[in-house]
Undergrad: 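This is the structure, below, for whatever I ask next.
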Amino acid sequence: MAKKPSVPKGTRDFSPQEVAKRSYIMETIKKCFQLYGFQPIETPSFENSETLMGKYGEEGDRLIFKILNSGEYLNKVEEDFFSIKNSAWLTPKISEKALRYDLTVPFARYVVQHQNEITFPFKRYQMQPVWRADRPQKGRFREFWQCDADVVGSDSLWQEVELVQLYDDVFEKLKLNGSSIKINNRKILSGIAEVIGAEDKLIDFTVAIDKLDKIGEEGVKKELLEKGISKRAIENLQPLFSFTGSNEDKLNSLSQLLATSETGRKGIEEVRFVIKTIQSLGLKSSKLELDVTLARGLNYYTGAIFEVSAPKKVQMGSIGGGGRYDDLTGIFGLKGVSGVGISFGLDRMYLVLEELGLFPKTVEENTKVLFINFGEAEALYAMQAITALRKNNIASELYPEAVKMGKQLTYADKRTIPYVIVAGGNELQTKTFTLKNMKSGEQEIISLEALLQKLK
RNA sequence: GUGGUUGUAGCUCAGCAGGUUAGAGCGCUAGAUUGUGGUUCUAGAGGUCGCCGGUUCGAAACCGGUCUUCCACCCCA
């Protein structure tokens, strides 16, 4: 007997109800993207390995799904590689393609490849699945969707301002109030590393400090020590752990801390601009919050860093992130093009909306009216009406078999079809239809004309 | 990648100090009701106890492996 079929670890099927809810989120995001002037592109689900490898750090390389070469791919491998048993060396020999890991790097590749056709600044959005060979957890899958909006070819800080507004706009439309948009700046982090004399350990430093809210002050200090950052440097970091108050307060304290770092001062200036501008423009549903411990692992960020957390009452990691990268296209040979973008994590947003019961009831409705099938002649009579209804954009269907009525009504019930037409011999003779409201149970006998009016 | 956890009917779960024919609720099918669903009543179908191997007279239960679930770490949407 065949084994019970299943989907691979970390992947899922989506039922009609789930698809309806997912496309509700996607449509909302898409409309906002377009409202802000972004244009859609799509890129292949897999790229040449060299496009992706090395762009996300060591950890990222491990999490990239590699695609095996076709044909007798082992023929090309020298004997030595088998005895060495080093997969990092063997992999490039047997795999030259990989599934995309995010949408930003393929986008950078796209920009470089099509630079002569693109009008800059280029504002594009992209909503496609990405894959990571991660171990699944709650809200963490191996196949999931990102919805990205990026601008390349402009280093104006107004882009950052707009992206914050865009986040806010989407959350407001989804009724997801109380999300917090956290902002930081890579230059501030560099400045801090500079001031405490740990410039050479910037990555280790940012990774450790990013965990502050999770492992606490002592935990961070411990990790910094383990990474070889001196005790003195960590002492100089002390003011960072007691950062409180308004964004304004934090900026002021930062100014003191980073007075001697030019990079740091630049970072503060940038963040200050975004925060002040947003303050005078106002946000509808979210808060913008300066978080100096926000780092994010992706090491291509050079300016602003964003991360969005769902309302506190929901236990969920970040539902979006983004930032400014001054030289992402540089790695593909196009220098001096700055980009900034944000990403929405569709799958996590789904879980959050579900948990908070924020999906509108109407997203699941599809067919508006079901015609009961009583047999050949009646079915034809029904199909004539259905044709007219469909012509008027009213979703309608005929139950395909002339089975007992109870069964047909149960079907309508399960499908949450709001209306049923009962049209048998009587109705056929009088050229009428009995319209039944499935919710109230009420029925009325009406003409086709009236039916069209009623369901429009 | 590291450590732990889970898997019994379509779904949610019970069962187990190893012992006949593995249970419940919900759902499903049929009937009460051959032109009226969502309530009720009656009857019924449905399980290689994730998979492979081992221990044992005997395994759903114990052991090993494997896949899967969820969780922590790493990292991240």
Side-chain angles (χ1 to χ4, degrees), chain A residues 1-12 15 25 29 56-64 87-88 101-104 127-148 203 206-208 210-211 214-215 219 223 294-299 306-310 315-322 341-352 370-375 378 399 402-428 433-443 445:
Chain A
M1 233 9 221
K3 233 172 83 177
K4 237 186 196 174
S6 63
V7 295
K9 188 200 296 202
T11 66
R12 302 144 297 156
S15 66
I25 300 176
I29 295 173
Y56 310 100
E58 218 176 296
E59 190 66 19
D61 283 358
R62 206 196 77 210
L63 297 175
I64 291 172
S87 51
Y101 178 89
D102 72 357
L103 300 178
T104 309
M127 306 169 73
Q128 290 188 281
V130 303
W131 295 269
R132 294 184 190 177
D134 211 350
R135 215 176 261 208
Q137 271 179 48
K138 180 174 184 167
R140 176 182 283 193
F141 308 98
R142 301 178 97 174
E143 176 182 62
F144 61 98
W145 283 63
Q146 289 191 330
C147 310
D148 278 30
I203 302 272
T206 54
V207 167
D210 193 43
K211 294 180 197 162
K214 205 167 185 178
I215 59 178
E223 179 158 340
L294 174 62
R296 294 175 54 81
L298 295 178
N299 40 28
F306 299 111
E307 183 164 292
V308 185
S309 347
Q315 199 82 39
M316 182 64 64
S318 63
I319 56 173
I342 55 169
S343 179
F344 290 86
L346 170 66
D347 303 79
R348 287 193 178 172
M349 288 169 71
Y350 182 102
L351 293 173
V352 170
L370 175 79
F371 282 68
I372 300 295
N373 191 329
F374 284 103
E378 293 89 342
Y399 194 90
V403 295
K404 0 190 324 192
M405 196 166 161
K407 191 166 172 161
Q408 301 191 40
L409 285 170
T410 304
Y411 173 81
D413 211 28
K414 295 227 166 103
R415 288 271 313 272
T416 62
I417 296 172
Y419 294 99
V420 164
I421 291 291
V422 183
N426 300 339
E427 287 85 352
L428 211 157
F433 297 90
T434 297
L435 176 68
K436 180 182 173 77
N437 181 324
M438 288 300 278
K439 208 164 182 181
S440 65
E442 283 165 13
Q443 294 187 187
I445 298 170

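The sequence lines fix the lettering, A, B, ..., with proteins before strands; numbering per chain opens at 1. No experiment lies behind these values; they were computed from the predicted model shown.
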Undergrad: Going by the rule ring-ring contact (aromatic ring centres under 6.0 Å, His included), which residues pair with A:Phe144 if we only count those two or more places apart in sequence or in a different chain?
TA: none

Undergrad: Looking at residues at least two apart in the chain, or sitting in another chain, which of them share a salt bridge (Lys or Arg N to Asp or Glu O under 4.0 Å) with A:Glu59?
TA: A:Arg62

Undergrad: Taking Watson-Crick (N1-N3 plus N6-O4 or O6-N4) and G-U wobble (N1-O2, O6-N3), each under 3.5 Å, can you produce the dot-bracket string of RNA chain B? Use [ ] for crossing pairs and | for inter-strand ones.
TA: ((((..(..((((.....[...)))).(((((.......))))).....(((((..]....))))))..))))....

Undergrad: Who are the ring-ring contact (aromatic ring centres under 6.0 Å, His included) partners of A:Phe306, not counting sequence neighbours?
TA: none

Undergrad: Between atom CD in A:Glu307 and atom P in B:C75, what is the gap in whole Å?
TA: 14 Å

Undergrad: Rounded to the nearest 0.5 Å, what separates atom CZ in A:Phe371 from atom CD1 in A:Ile417?
TA: 11.5 Å

Undergrad: Excluding sequence neighbours, so at least two apart, what forms side-chain hydrogen bond (donor to acceptor under 3.5 Å, both in side chains) with A:Thr434?
TA: A:Glu427

Undergrad: For A:Glu442, does its backbone N or O pair with a side-chain atom of A:Asn437 as donor and acceptor, under 3.5 Å?
TA: no

Undergrad: So, using side-chain hydrogen bond (donor to acceptor under 3.5 Å, both in side chains) as the criterion, who are the partners of A:Arg142 when residues are at least two apart?
TA: none

Undergrad: Say you pick atom P in B:U12 and the same atom in B:C73; how far apart are they, in whole Å?
TA: 27 Å

Undergrad: Polar-atom pairs under 3.5 Å, protein N or O versus N or O of nucleotides 69-73 of chain B: list them with distances, or write none.
TA:
unit_1 : atom_1 : unit_2   : atom_2 : d
B:U69  : OP1    : A:Gly10  : N      : 3.3
B:C71  : OP2    : A:Lys138 : N      : 2.0
B:A72  : OP2    : A:Gln137 : OE1    : 2.8

Undergrad: Go through the structure and list residues passing side-chain hydrogen bond (donor to acceptor under 3.5 Å, both in side chains) with A:Ser15, not counting sequence neighbours.
TA: A:Gln17, A:Glu18

Undergrad: When the P atoms of B:G65 and B:C11 are compared, how many Å lie between them, rounded to an integer?
TA: 28 Å

Undergrad: What integer distance in Å separates A:Ile203:CD1 from B:C75:C1'?
TA: 14 Å

Undergrad: Rounded to the Å, how far apart are A:Arg62 CZ and B:C75 C1'?
TA: 7 Å

Undergrad: Starting from P on B:A77, measure out to CG on A:Leu63 and report it in whole angstrom.
TA: 11 Å

Undergrad: Using atom C1' in both nucleotides, what's the gap between B:C63 and B:A22 to the nearest angstrom?
TA: 23 Å

Undergrad: Could you tell me whether A:Glu59 contacts a base, only the sugar-phosphate backbone, or nothing, with contacts defined as non-hydrogen atoms closer than 4.0 Å?
TA: base

Undergrad: Apply side-chain contact (heavy atoms from CB on, under 4.5 Å) to A:Glu143 and list each qualifying residue two or more places apart in sequence or on a separate chain.
TA: A:Thr11, A:Pro129, A:Trp131

Undergrad: Tell me every residue that passes side-chain hydrogen bond (donor to acceptor under 3.5 Å, both in side chains) with A:Lys9, counting only those two or more places apart in sequence or in another chain.
TA: none

Undergrad: With C1' as the reference atom in both, quote the distance from B:C75 to B:A17 in angstrom, rounded to an integer.
TA: 43 Å

Undergrad: Work out how far the P atom of B:U42 is from that of B:C49, and round it to whole angstrom.
TA: 31 Å

Undergrad: With rounding to the closest Å, how many angstrom separate the P atoms on B:G58 and B:C13?
TA: 34 Å

Undergrad: Mind checking side-chain contact (heavy atoms from CB on, under 4.5 Å) for A:Ser343 and listing every partner two or more places apart, or none if nothing turns up?
TA: A:Gln146, A:Asp148

Undergrad: Between atom NZ in A:Lys414 and atom C1' in B:C26, what is the gap in whole Å?
TA: 12 Å

Undergrad: Taking B:C67 as the reference, what is the distance to B:G37 when you measure between their C1' atoms (whole Å, please)?
TA: 42 Å

Undergrad: What is the distance from OH of A:Tyr101 to P of B:C75, rounded to the nearest Å?
TA: 11 Å

Undergrad: With no hydrogens and no angle check, is any side-chain donor or acceptor of A:Asp134 less than 3.5 Å from a backbone partner on A:Pro136?
TA: no

Undergrad: Determine the Euclidean distance between corresponding C1' atoms of B:A9 and B:U29; express it in Å to zero decimal places.
TA: 15 Å

Undergrad: Ring stacking, A:Phe344 with base of B:A77, under 5.5 Å and under 30°?
TA: no

Undergrad: For nucleotides 31-47 of chain B, read 5' to 3', which letter fits each nucleotide if B means a protein heavy atom sits under 4.0 Å from the base, S means only the sugar-phosphate is that close, and - means neither?
TA: S---BBBB---------

